[in-house]
**Student:** 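Encoded as structure tokens, here's the structure I'll be asking about.
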Protein chains: 2
Amino acid sequence: MKEFLRTKGFKMTPQREMIFRSFFELGEHVSVDELYDKVRSLDHSIGYSTVWRNLKLICKVGLAEEVNLGDGITRYDRVTKIPHGHLFCLTCKKLEEFPVDQLVGVLAETAGERDFTPESFKIEIKGICKDCLNKSEEEIESEEDNV
Amino acid sequence: MKEFLRTKGFKMTPQREMIFRSFFELGEHVSVDELYDKVRSLDHSIGYSTVWRNLKLICKVGLAEEVNLGDGITRYDRVTKIPHGHLFCLTCKKLEEFPVDQLVGVLAETAGERDFTPESFKIEIKGICKDCLNKSEEEIESEEDNV
DNA sequence: TTGAAATTGAAAGTCGATTTCATTTAGAAA
DNA sequence: TTTCTAAATGAAATCGACTTTCAATTTCAA
């Protein structure tokens with residue numbers, strides 16, 4: 001990783017090492033605050049802006065990309081070879097993924113038909129996940145009991 | 001429109017009348033600032049927060065919905081019967097639309113398979129539009145001329 | 001006509017994202 | 001190894017879009 005960054009003109013530091021490592025350990029859809037909390041638990045002296053800047057750097061060197069779901073929080077998603085869509089639960093804010101390879105093919109065609117050069121695709125479904133749906137049904141049942 | 005709002009418990013005012021009318025005249029993907037500018041040109045005394053609140057109201061009564069493209073600006077899109085995706089040009093920020101009826105069908109299936117109850121679908125392609133691509137090609141050509 | 005509730009405009013507040021700045025550090029060059 | 005310059009850091013300030021507050025005004029049902 002040190003070499004990888006060096007070839008792009010960046011230096012390695014202990015903070016950067018820790019931030020990069022923590023980001024990849026946390027997995028998918030990491031927010032600045034989540035990463036900051038994790039890194040802070042390892043090194044209390046690390047600054048918020050350092051975490052933020054390094055998250056941006058991870059994107060700049062192509063290892064992650066921003067995910068924006070309209071809830072005011074920017075999340076960072078590791079770039080993998082496999083394109084995927086998001087299922088975003090409006091109740092518990094959980095994010096699930098699903099494969100979209102064939103859909104992306106259709107979208108690329110659509111773009112091509114309009115002389116549009118695509119750089120990225122975003123496919124999102126917002127709604128209620130199974131768990132939250134079950135919970136709200138239980139609530140309704142208990143309300144009925146109270147009548 | 002006055003009656004429509006009344007049935008939902010809202011009152012009509014001259015400002016509201018003007019804001020609603022202007023929103024629908026502006027067409028698709030309207031930002032608060034765009035609408036504020038337009039309304040201001042008609043009535044200089046109208047406040048920003050009034051425009052903002054009425055844009056929210058238009059959403060609340062189901063006539064528009066928020067569109068979030070990750071550039072920090074919330075846009076408001078008139079609700080039509082026809083579902084559509086967005087082509088967002090990263091260079092000129094222009095937003096084009098394309099039909100997605102069959103894609104949405106596929107997505108609804110996908111959600112169903114995961115016991116996820118969908119409320120809305122978002123399909124976006126970010127990239128470079130035809131016009132901007134032509135411009136950047138021209139720039140490259142003129143750079144070559146300079147060699 | 002009247003009064004409660006909704007609406008308005010200006011200003012202040014919120015909050016995540018981003019920048020500033022003085023200091024420290026990495027690592028290439030001597 | 002030492003030196004030096006650009007990069008990186010941490011704290012704090014700033015930005016900017018969005019949202020709320022509050023006193024005054026207006027709507028419209030009774």
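In what follows, every chain begins at residue 1, and chains take the letters A, B, ... in the order their sequences are listed.
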**Student:** Please state how far atom NZ in Lys8(B) lies from atom C1' in dT7(C), giving the value in whole angstrom units.
**Tutor:** 19 Å
**Student:** Taking the basic N atoms (NZ, or NE/NH1/NH2) and the acidic carboxylate oxygens, is any pair closer than 4.0 Å for Lys56(B) and Glu66(B)?
**Tutor:** yes
**Student:** Looking at DNA chain C, which of residues 61-73 of chain A put a heavy atom within less than 4.0 Å of it?
**Tutor:** Gly72(A), Ile73(A)
**Student:** For Tyr36(A) and dA11(D), what is the distance between atoms OH and C1' respectively, to the nearest whole Å?
**Tutor:** 10 Å
**Student:** Enumerate the residues from residues 25-34 of chain B whose closest heavy atom to DNA chain C is under 4.0 Å, giving them by residue number; use none for an empty result.
**Tutor:** none
**Student:** Drop me the distance from Phe4(A)'s CZ to Met12(A)'s CE, to the nearest 0.5 angstrom.
**Tutor:** 10.0 Å
**Student:** Taking all non-hydrogen atoms of both residues into account, name the closest pair between Ile73(A) and Ser31(A) and its distance.
**Tutor:** CG2-CB, 3.9 Å
**Student:** Just the rounded figure in Å: distance from P of dA17(D) to CG of Leu55(B).
**Tutor:** 15 Å
**Student:** Taking protein heavy atoms under 4.0 Å as touching, what does nucleotides 5-10 of chain D look like 5' to 3' if B marks base contact, S marks sugar-phosphate-only contact and - marks none?
**Tutor:** -BSSBB
**Student:** Return the CG to CD1 distance between Leu5(B) and Ile58(B), rounded to the nearest 0.5 Å.
**Tutor:** 9.0 Å
**Student:** Send over the distance from Asp37(A) CG to dG16(C) C1', rounded to a whole Å.
**Tutor:** 15 Å
**Student:** So among Tyr76(B), Tyr48(B), Trp52(B), Phe23(B), which one has a side chain to side chain contact (heavy atoms under 4.5 Å, CB included) with Leu35(B)?
**Tutor:** Phe23(B)
**Student:** Write down the distance between CG (Leu5(B)) and C1' (dA5(C)), rounded to a whole number of angstrom.
**Tutor:** 16 Å
**Student:** Less than 4.0 angstrom between a side-chain N/O of Lys56(A) and OP1 or OP2 of dA17(C), yes or no?
**Tutor:** no
**Student:** Quick one: is dC18(D) close enough that its OP1 or OP2 comes under 4.0 Å of any side-chain N or O from Thr74(B)?
**Tutor:** yes
**Student:** I'd like to know if the side chain of His84(A) pairs up with that of Asp101(A) as donor and acceptor (distance under 3.5 Å, no hydrogens or angles considered).
**Tutor:** no
**Student:** Main chain of Lys11(A), side chain of Arg16(A): is a donor-acceptor contact present, judged purely on distance under 3.5 Å?
**Tutor:** yes
**Student:** Arg75(B) CZ to dC18(D) C1': how many Å, rounded?
**Tutor:** 15 Å
**Student:** Does the distance from a Lys or Arg side-chain N to an Asp or Glu carboxylate O, for Glu3(A) and Lys8(A), drop under 4.0 Å?
**Tutor:** no
**Student:** Do any N or O atoms from the side chain of Arg40(B) and from the backbone of Ile46(B) form a donor-acceptor pair under 3.5 angstrom?
**Tutor:** yes
**Student:** Salt-bridged, Glu25(A) to Arg21(A), with N to O below 4.0 Å?
**Tutor:** no
**Student:** Is there a donor-acceptor contact under 3.5 Å from the side chain of Lys126(B) to the main chain of Leu69(B)?
**Tutor:** yes
